[in-house]
**Student:** 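Sharing a structure below in C-alpha cells format, with a few things to ask.
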Amino acid sequence: MANLLQVKDLRTYFYLDEGIAKAVDGVSFEVDQGETLGLVGESGCGKSVSALSIMRLIPNPPGRIAGGEILLGDRNILDLSDERMRDIRGNEISMIFQEPMTSLNPVFTCGSQIEEAIILHQKVSKREARLKAVEMLQLVGIPAPEQRVGEYPHQLSGGMRQRVMIAMALSCHPALLLADEPTTALDVTIQAQILELLARLQDEFNMAVIMITHDLGVIAEVADRVAVMYASKIVEYAAVKEIFGTPLHPYTQGLLKSIPKLTESKDRLAVIPGVVPNPLEFPQGCKFHPRCDLAIDACRDPEPELRQLSPGHWVRCLRA
C-alpha cells in the first residue's frame with residue numbers, strides 16, 4: 001500500500017532569546033491510507049509540534065521548520081505556497097485540537113464555524129453549507145442537530161464540543177486526520193464514545209489518523225503502528241502488538257509499567273523518575289539516560305541512532 005503521508009527527518013526549532021529549542025529534531029514516520037498511527041510520549045516530547053508542523057501552523061516567529069520533508073502523496077507540503085496550503089488545510093488534512101473550548105470561537109455559533117470550512121473548500125451556497133453542517137452534527141451523534149447548529153460553544157457540554165470539533169474537522173472528508181489528545185478533558189464514558197465515533201468515521205471515509213496521546217490504553221485500542229517520542233525524537237517505532245508485546249526501549253517499558261492495573265497487588269504504581277528535559281538543555285548522548293536504570297557510560301555520548309532490530313521494529317537504544 002502506498003504511503004499517504006511520509007515525514008522525513010523533520011526538524012522544527014524555536015529561536016528564543018535563551019537559545020534554540022529543538023522541539024522536533026530529526027523525526028521520521030509514515031502513514032498509509034486508512035491506517036492509524038499512535039504518537040505517544042509525555043508532555044513536552046514534541047508530539048503536538050509534530051502535528052502542527054504537518055499542518056504548517058508553527059507560529060513564526062519564534063518557530064520555524066528548519067529542515068526535512070513532509071510528503072502528502074508526491075507533494076512536499078513544505079514547498080507549497082501559503083495559499084496552496086490553505087486549500088489543503090481542512091480539506092485534505094484536518095486536525096482536532098487538544099481543548100475544544102479554546103479552539104472553538106466563543107462569539108460564533110457552532111454551525112457557522114462548521115459552515116465556514118465547507119464554504120471555503122467546497123464552493124457551495126450558504127444554505128447548502130447549513131444543511132451540510134446539520135448533517136455533520138447528526139453524523140457525530142449530537143441530538144437535535146437543527147437546534148445545536150445555532151448554539152454557541154459555551155452552551156454545550158465538553159463532550160458535545162468535542163463532537164463539534166470532529167464534525168468541523170471531517171466536514172470536507174479529509175484523507176488525513178490529526179487528533180491531538182481528543183479525549184483528555186472528557187469523562188471516561190465520553191472518552192469511549194468519542195473513540196468509537198472516530199473509529200466508525202475512519203472506516204466510513206477510509207481516512208488515515210494520527211492519534212496523539214499520552215494514554216497507552218487509547219493507543220492499544222485504536223492504533224495500527226506506534227511511534228514513541230521522547231525529548232524531540234522517536235525512540236521506538238513498531239506495530240502496536242510489538243510495542244505492547246516486546247517493548248525494547250527503556251522509556252517504552254517505563255510507560256507500559258506505569259499503566260494502572262486492575263489487580264489486588266499492593267505494590268506502588270511504577271513511575272519513571274525525573275522529568276522530560278528542557279529542550280534548551282538536552283543532555284548529551286541518549287536524552288533518556290539521566291532517567292534510565294539501564295544506562296551505561298556509552299549512553300552519554302554519542303547519541304544512539306534509530307536502528308531496525310527486526311522487520312518494522314525500530315529502536316534508539318544501545319542496550320536493546
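Since we're looking at a predicted model, the values are computed, not measured.
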**Student:** Quick check: closest heavy atoms across A231 and C45, and the distance to 0.1 Å?
**Tutor:**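 Taking A231 first and C45 second, the nearest heavy atoms are N-CB, 3.8 Å.
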**Student:** Got Q6 and E69 here, is their nearest side-chain heavy-atom distance under 4.5 Å?
**Tutor:**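 Counting from C-beta outward, Q6 and E69 never come under 4.5 Å.
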**Student:** Count the heavy atoms belonging to other residues, nucleotides or ligands that lie under 6.0 Å from CD of E116, then report whether that count exceeds 12.
**Tutor:**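 Atom CD in E116 is not crowded, with 12 or fewer foreign heavy atoms closer than 6.0 Å.
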**Student:** Using 4.0 Å as the upper bound for N to carboxylate O, is an ion pair formed by R316 and E236?
**Tutor:**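 No, E236 and R316 are not salt-bridged.
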**Student:** If you link I, L, V, M, F, W and Y whenever their side-chain heavy atoms are under 4.5 Å apart, who else ends up in the same group as I20?
**Tutor:**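 Result for I20 is Y13, Y15.
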**Student:** For D9 and S28, which I'm curious about, is there any donor-acceptor pair between the side chains at under 3.5 Å?
**Tutor:**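 Side chains of D9 and S28: no pair found under 3.5 Å.
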**Student:** Would you name the heavy atoms of V31 and V209 that are closest together and state the gap between them?
**Tutor:** CG1-O, 4.5 Å
**Student:** Might you work through the side chain to side chain contact (heavy atoms under 4.5 Å, CB included) test for K287 and S232, ending with a clear yes or no?
**Tutor:** CA-CA 9 Å; K287 293 181 174 63; S232 82; 4.1 Å; yes
**Student:** Using a 4.5 Å cut-off on heavy atoms from C-beta on, say whether the side chain of L104 contacts that of M168.
**Tutor:** yes
**Student:** Decide side chain to side chain donor-acceptor pair (under 3.5 Å) for S53 and S50; before the verdict, give the C-alpha distance in whole Å, the side-chain angles of both, and the deciding distance to 0.1 Å.
**Tutor:** CA-CA 5 Å; S53 299; S50 297; over 6 Å; no
**Student:** Can you find a side-chain donor-acceptor pair between E128 and S125 that sits under 3.5 Å?
**Tutor:** yes
**Student:** Do L198 and I96 make a side-chain contact, defined as non-hydrogen atoms from C-beta onward lying under 4.5 Å apart?
**Tutor:** yes
**Student:** Describe, in one word, how the ring planes of Y230 and F288 are oriented to each other, choosing from parallel (under 30°), tilted (30 to 60°) and perpendicular (over 60°).
**Tutor:** perpendicular
**Student:** Does the distance from a Lys or Arg side-chain N to an Asp or Glu carboxylate O, for R200 and D203, drop under 4.0 Å?
**Tutor:** no
**Student:** Side chains of M211 and L37: closer than 4.5 Å at any heavy-atom pair?
**Tutor:**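 The answer is no, as the side chains (C-beta and beyond) never meet within the 4.5 Å cut-off.
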**Student:** Do Q308 and Y237 pass the side chain to side chain donor-acceptor pair (under 3.5 Å) test, and can you show the C-alpha distance, the side-chain angles, and the key distance before you say yes or no?
**Tutor:** CA-CA 9 Å; Q308 185 171 210; Y237 181 52; over 6 Å; no
**Student:** If the test is side chain to side chain donor-acceptor pair (under 3.5 Å), which one of Q155, H154, R148 qualifies with E151?
**Tutor:** R148
**Student:** Heavy atoms, side chains only, cut-off 4.5 Å: are L156 and C110 in contact?
**Tutor:** yes
